[in-house]
Amino acid sequence: MRVYEDNYRHKGLRKKLIESLREKGITDEHVLEAMNKVPRHYFLDSALDDIAYEDRAFSIEENQTISQPYTVAFQTQLLKVKPNDKVLEIGTGSMYQGTVLAAMGARVLSVERHKKLYMKTKQFMLKKEYPESKIKFFNGDGFNGLLQFEPFDKIIITCGAPFIPPKLIEQLKPGGIMVIPLAEDVHHKMLRITKNMDGTLVEETFDDFSFVPMLPGINK
Ligand code: SAH
């Protein structure tokens, strides 16, 4: 069994990564603090230990990816997470992004369409620190959201969506925020959608990113 160790070298590399995110324009100290707390190398194959703190995406199982730290920081900053926010994440992947949200004090519900990736969440290595009351994993199709837990304060989509899923808009609380990378051509435009108290939506557009596609249905 893999032994998880967060030693002084990891901590040093992580600090450097946080400084580089700051230089790239991430300003929310709560986001930087949470990312400084979560050992990213735990979420990668142990062979990648030495490069886990480079600001780049890596492949994980099932041809999926763990997002680049800058992307995680950018999306998380847009989400304006507050302690105890109920956050729906679409695309659990490596569990890294979800854990960063939990480290900010959010209550996270994370949905993954790949059964194999979902099964890995059963061995979540930070279960003690972040029990099910803080982060809970589901196998399902993110296009449907999680009807039994709606409404959500925040919704974050970590795969490239072909359109804004209507059911997710419905499951967003009035006053809530959704961050979604929306497919344009080969790139994805990062959008922040705020639902006003009267149900109307405000859309803000940010930079281009690239994500694995958001696909319908469950993959067994
Ligand atoms: N948040 C992840 C990023 C993983 S990549 C992390 O921090 O590692 C995006 C993930 O979205 C992939 O695992 C992919 O399988 C998943 N995905 C794609 N379409 C989906 C859908 N409709 N519902 C749920 N998950 C989906």
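We're numbering straight along the sequence, starting at 1. Hydrogens, waters and symmetry mates are skipped; everything else that's a heavy atom, side chains included, is used. As the structure lists them, so they are numbered: ligands from 1, and atoms in each ligand from 1.
Arg22 has a carboxylate O that lies under 4.0 Å from a charged side-chain N of Glu29, or vice versa, which qualifies the two as a salt bridge. Comment: Asp85 does not engage Arg107 in a salt bridge, judged by the lack of any side-chain N to carboxylate O separation of less than 4.0 angstrom.
With 3.5 Å as the limit, one finds no donor-acceptor pair spanning the side chains of Tyr53 and His10. Side chains of Lys115 and Asn139: a donor-acceptor N/O pair is absent below 3.5 angstrom, by distance only.
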message = Does Phe138 form a ring pair (Phe, Tyr, Trp, His ring centres under 6.0 Å) with Phe149? I'd like the steps, not just the answer.
response = CA-CA 12 Å; Phe138 299 83; Phe149 293 98; 5.4 Å; yes
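Annotation: side chain of His114 is not in contact with side chain of Thr92 (no heavy-atom distance under 4.5 Å).
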Below 3.5 Å only, please: the N or O atoms of ligand 1 paired with protein N or O atoms, distance on each line.
unit_1   : atom_1 : unit_2 : atom_2 : d
ligand 1 : 1 (N)  : Glu89  : OE2    : 2.9
ligand 1 : 1 (N)  : Gly91  : O      : 2.9
ligand 1 : 1 (N)  : Thr158 : OG1    : 3.1
ligand 1 : 7 (O)  : Gln97  : N      : 3.1
ligand 1 : 8 (O)  : Ser94  : N      : 3.0
ligand 1 : 8 (O)  : Ser94  : OG     : 2.6
ligand 1 : 13 (O) : Glu112 : OE1    : 2.7
ligand 1 : 13 (O) : Glu112 : OE2    : 3.4
ligand 1 : 15 (O) : Glu112 : OE2    : 2.6
ligand 1 : 19 (N) : Leu215 : N      : 3.0
ligand 1 : 22 (N) : Asp141 : OD1    : 3.1
ligand 1 : 22 (N) : Leu215 : O      : 2.7
ligand 1 : 23 (N) : Gly142 : N      : 2.7
ligand 1 : 25 (N) : Arg113 : N      : 3.3

